[in-house]
Amino acid sequence: MISEKPRVRFAPSPTGYLHVGGLRTALYNYLFAKNRDGKFILRIEDTDRNRFVEGAVENLIASLKWCGLEYDEGPDIGGTYGPYMQSQRLEIYKEHVKELIAEGKAYYCFCTPERLDELRKEQQAKKLPQAKYDKHCLRLSKAEIEENLNGGVDYVVRLNVEPDKKIVFDDVVRGHIEFESNNVDDQVLIKSDGYPTYHLANVVDDHLMKITHVIRGEEWLSSTPKHVLLYDFFGWERPVFAHLPLLLNPDRSKLSKRQGDVAVEDYRAKGFLKEALINFVALLGWNAGDDKEFYYIDELIEKFSLDRVNKSGAVFDLEKLNWLNAEHLRKKTDEEILPMLKKEIHNITEESTDINQQPELQLIKNRNFDDEYLLKIISAMKERVSFVREYLTKSPYFFAAPEKYEEAAVLKNWKPETPPVLQKLRDEFSALQNPGKEEYENALAKTAEGLNIGKGKIIHPLRLSVSGISTGPGLYDILVILGKDEVIKRINTALEKIKV
RNA sequence: GGCGCGUUCGUCUAGUGGCUUAGGACGCUGCCCUCUCAAGGCAGAGACCACGGGUUCGAAUCCCGUACGCGCUACCA
């Protein structure tokens, strides 16, 4: 068993998108499988017809693939234990449940929803410790059951839980866990529409698909006794269980839509790198026992183990995700960033950059920039950005001449004596042939010296003239990137436009 | 309400009985670097290890109780 190569699965229900909590579950399954040279399987738990969402499966798969979590078997690629959509396995569940019924381990129930409702209300009124089905239909005779079945009466199949038993199992992250069978309800296994419930389907499929380790969210811990019972009733070996701690909102409630983004596609749209998202989410509930925080997925695969998974929920902290994004982005080569920048330029929208704040970006969208030029920008801005998008928003002046000038900087750096100084400098620059950093620097120094003023008196207004703002890469780097003609043009524009 | 699980700086966490005056990271503050902003370096604030009892020569670490939080309690997953 231990030497066996594990087979694990990620089994989401297709609700429309991949939740980051789901991503974490998928990732741990993936890391565990790859670490042990096992198989990672995707199975779609679409047994609730009321919750059917068009395109949900495709969306889920797209997000999973974007993250790089390739599975070995799944609905779109098949595999030896398919199909991998539960809605396509209905007959399998029915056959298995027949077995259980024949052995008295499950039974038909013809109770109407109305009776169930009443029963529940009654139990609540009596303040019974727990609301449970009363096994009413277990007492039906064979003949009565036959009659109902033949008469086409709606029915469900229920698990026959024996009273007064201890149900025990071990969980890799939580240890030994015990439940009283008296607290376990006679769970519905087959619904009246013929579809199985999660509890039946996941056990049958996990067994048939030879799943060795069930790694899933903590919300399943309470229903694990039902699953354990099912394994025992079928006479099947139980998989190893590992229940993962939940991902939390800042207020420590279960991570939800209401308090921010929860879908992987949201983070993708915001410009997060998949490397950062994976790295971040991996550390939410697991660590290697050392101080390492920056990981690539290969290193995660190498280091991951279930016994280092934490027990308590983790708050999804955006600040740290931002930091990791910046770290991963900086680690990329300029050449790797180039196509990303080009894509960003191409896809620029009002939403993504708040063009209203930076009207000059309006002009960028359909312009083409030389790779060589973009590479220079990347090199100059790399350690100043956390997102690819910020190459545009933090240094729009590389893409279009400034249309307005930062007010605070104007007030601080643009004095009555500034215009003549810049005119002098402009003339000095005009005389240069193919200037590089040093030439600009020398020319500026010479101007300052000639005027008998500090270099700062020129540097700051010049930065403002060419960029419109007061922050950014070294001034001479900016000048070199923009080129002499553009620099002179911008000085002239500034001299015209900036009035104090 | 019942059942289950959890509880170390604001957040993610290290810690598996003495190495701990509880370590790291994000964020925050200050300093250095510097034409600005970053990055980087250094320093700092920040946790009576939820609380109360035990066990032990010794407990964040083991046991019990309490509180609080979360999950489940469906013909949803």
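Just so we're clear, the structure is a prediction, and the values are computed from it rather than from any experiment. Lettering follows sequence order; numbering is per chain, from 1. Any value given below was found using the heavy atoms of this structure, including those in side chains, with hydrogens, waters and symmetry copies removed.
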Name the nucleic acid region contacted by [X], choosing base, sugar-phosphate or nothing; use a 4.0 angstrom heavy-atom cut-off, strictly under.
{"X": "A/P473", "answer": "base"}
{"X": "A/G217", "answer": "nothing"}
{"X": "A/S222", "answer": "base"}
{"X": "A/G472", "answer": "base"}
{"X": "A/V156", "answer": "base"}
{"X": "A/S312", "answer": "sugar-phosphate"}
{"X": "A/N310", "answer": "sugar-phosphate"}
{"X": "A/T224", "answer": "nothing"}

Does any donor-acceptor pair link the side chain of [X] with the base of [N] at a separation under 3.5 Å?
{"X": "A/E293", "N": "B/G24", "value": "yes"}
{"X": "A/K455", "N": "B/C35", "value": "no"}
{"X": "A/R252", "N": "B/C70", "value": "no"}
{"X": "A/R463", "N": "B/C35", "value": "yes"}

Would you measure the distance from the [atom1] atom in [N] across to the matching atom in [M] and give it in whole Å?
{"N": "B/G46", "M": "B/G40", "atom1": "C1'", "value": "24 Å"}
{"N": "B/A43", "M": "B/C35", "atom1": "P", "value": "25 Å"}
{"N": "B/U20", "M": "B/U66", "atom1": "P", "value": "36 Å"}
{"N": "B/A22", "M": "B/G4", "atom1": "P", "value": "36 Å"}

Checking contacts here: which listed nucleotide ([options]) is nearest the side-chain heavy atoms of [X]?
{"X": "A/V188", "options": "B/C75, B/G4, B/C35", "answer": "B/C75"}
{"X": "A/E327", "options": "B/C75, B/G40, B/C26", "answer": "B/G40"}
{"X": "A/N287", "options": "B/A25, B/U13, B/G4", "answer": "B/U13"}
{"X": "A/R120", "options": "B/C26, B/C75, B/G4", "answer": "B/C75"}
{"X": "A/K311", "options": "B/A77, B/G6, B/C26", "answer": "B/G6"}
{"X": "A/L246", "options": "B/C70, B/U7, B/A77", "answer": "B/C70"}
{"X": "A/K320", "options": "B/C75, B/G24, B/C72", "answer": "B/G24"}

Return the value, rounded to whole Å, for the distance between atom [atom1] of [X] and atom [atom2] of [N].
{"X": "A/L284", "N": "B/C26", "atom1": "CG", "atom2": "P", "result": "16 Å"}
{"X": "A/Y93", "N": "B/A77", "atom1": "OH", "atom2": "P", "result": "11 Å"}
{"X": "A/F169", "N": "B/G4", "atom1": "CZ", "atom2": "P", "result": "11 Å"}

Quick check on the 6.0 Å ring-centre criterion: do A/Y476 and A/Y440 meet it? no
Pair A/H227 and A/Y198, ring centroids less than 6.0 Å apart: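 Ring-ring flag for A/H227/A/Y198: true, centres closer than 6.0 Å.
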Taking only the side-chain nitrogens and oxygens of [X], find out if one of them lies under 4.0 Å from OP1 or OP2 of [N].
{"X": "A/T197", "N": "B/A77", "answer": "no"}
{"X": "A/R49", "N": "B/C75", "answer": "no"}
{"X": "A/K191", "N": "B/A77", "answer": "yes"}

Is it true that the side chains of A/E162 and A/S181 contain a donor and an acceptor less than 3.5 Å apart? no
Is the number of heavy atoms from other residues, nucleotides or ligands under 6.0 Å of A/Q259 CD greater than 12?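 Yes, because the 6.0 Å sphere around CD of A/Q259 holds more than 12 heavy atoms from other groups.
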On RNA chain B, does the nearest nucleotide to A/G289 precede the nearest nucleotide to A/F179 from the 5' side, or the other way round? Give the residue.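 Looking at RNA chain B, the more 5' nearest nucleotide goes with A/F179.
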Of A/E383 and A/E178, whose nearest nucleotide on RNA chain B comes first from the 5' end? A/E178
Nucleotide forming a Watson-Crick or wobble pair with B/U34, both distances under 3.5 Å: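 Its partner is none (no Watson-Crick or G-U wobble pair with both distances under 3.5 Å).
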Decide yes or no for A/W286 and A/L306: does some side-chain heavy atom of the first lie under 4.5 Å from some side-chain heavy atom of the second?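 No, side chains not in contact.
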Using a strict threshold of under 4.0 Å (side-chain N to carboxylate O), is an ion pair present between A/R330 and A/E383?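 Result for this pair is no, no salt bridge flagged.
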What do the steps show when you test A/M381 against A/E390 for side chain to side chain contact (heavy atoms under 4.5 Å, CB included), and what is the final call? CA-CA 9 Å; A/M381 288 299 293; A/E390 288 177 345; over 6 Å; no
